[in-house]
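Shown next, in structure tokens, is the structure this report addresses.
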Amino acid sequence: MTPAKRPLSPHLQVYQPQLTAVLSITHRATGVALAVGAVLLVWWLVAAATGRDAYDEAQAFLGSWLGIFLLFGWTIAFFYHLANGIRHLVWDTGYGLDLPSAYRSGYAVIAATVVLTLVAWIGALVAGGNG
Amino acid sequence: MTDTRLRSPLGRALGLGSAKEGADHWWTQRLTSLALIPLSLWFVAAVIGHLGADHAAFRAWLGNPITAVLMILTVGVTFHHTASGLQVVIEDYVHTEWAKLALLIVVRFGCFLLAAAGIFAVLKIAFTGG
């Protein structure tokens, strides 16, 4: 049953964005983005199983500007979702739920995302040079 | 002190609550998350390490039993985690009952399909050399 259209009090329009809320919705957004990326993963595996031509085609796309752009976005989303996911798992044990700790761990998640993404891409450039 | 809970012994044994599924979804999501920490890190590192690999080298690597098993686990657990995650997103934002149900079913079936395709691809390479 579709809910009746009634006026709502403003929320997103008036509430000041906070680290906790922003990181939370970003966790959801990166999750959805990673789900889309998972389709790409399967396509890549199926291409490899299909034959050399399909595989080369997939590799060519991934090496193209669009492919690299998508991969870069995917790795940022991945490392963020991983770091914040661990933050969630720690919360599930009951630890770190007070506001100062949540802010500290939140900043740590942002830092980890940046560092891990850089490490991965520098690693990729080095490995790609040798591979 | 008497037991003041209002549940029957059978209710307590079944462990279900008002959501009719208990904490299964929550716990499964935690388990898949935990499993994905090592699995997905392995996956990212492995992919980076094989970026320049041509088809033959890639097939040889994926055909290795350990690689194949880890890749199968990564694919399976990822899509289980994805299906559960997308489920709560749909439940949160879609309120038209038929649309919500359709979307939930399509997403879950889609994840099964993708997982099956991915696992089959790995097995095909592992057993037939590509």
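Given the structure is predicted, the values throughout are model-derived calculations rather than measurements. Every chain is numbered from 1, with letters handed out A, B, ... down the list of sequences.
Atom CZ of A/Phe61 sits in a crowded spot, with more than 12 heavy atoms from other residues, nucleotides or ligands closer than 6.0 Å. Atom CD1 of B/Ile66 is surrounded by 12 or fewer heavy atoms from other residues, nucleotides or ligands within 6.0 Å.
The main-chain N or O of A/Ala48 is found under 3.5 Å from a side-chain atom of B/His55 such that the two form a donor-acceptor pair.
With salt bridges taken as basic N to acidic carboxylate O contacts below 4.0 Å, none links A/Arg52 and B/Asp54.
Across all non-hydrogen atoms, the minimal contact from A/Ala49 to B/Ala121 is CB-O, 3.6 Å. Of all heavy-atom pairs between A/Val42 and B/Gly118, the closest is CG1-N, 3.9 Å.
Residues B/Ile125 and A/Leu45 form no side-chain contact, since every pair of their non-hydrogen atoms from C-beta on lies 4.5 Å or further apart. Residues B/Thr82 and A/Leu34 fail the side-chain proximity criterion, which asks for heavy atoms closer than 4.5 Å. By the 4.5 Å heavy-atom criterion applied to side chains, B/Val88 and A/Arg28 are counted as neighbours. Looking only at side-chain heavy atoms (C-beta outward), B/Leu41 and A/Leu82 come within less than 4.5 Å of each other. Two residues are said to be in side-chain contact when any heavy atoms from C-beta on lie closer than 4.5 Å; A/Asp92 and B/Trp26 meet this criterion. Within the 4.5 Å cutoff, the side chain of B/Ile48 has no heavy atoms near those of the A/Trp121 side chain. Proximity of B/Phe58 to A/Trp44: side-chain heavy atoms (C-beta onward) are separated by under 4.5 Å at one or more points.
If you measure heavy-atom distances from B/Val122 to chain A, the contacts under 4.5 Å come from the side chain alone. Of the atoms belonging to A/Leu62, not a single heavy atom falls under 4.5 Å from chain B.
The aromatic rings of A/His81 and B/His81 lie perpendicular to each other, with more than 60° between the two planes, well past the 30° mark.
In this structure, B/Leu34 CG and A/Leu89 CG are separated by 6.5 Å, a value rounded to the nearest 0.5 Å. A distance of 9.0 Å separates CG of B/Leu114 from CG of A/Leu41, quoted to the nearest 0.5 Å.
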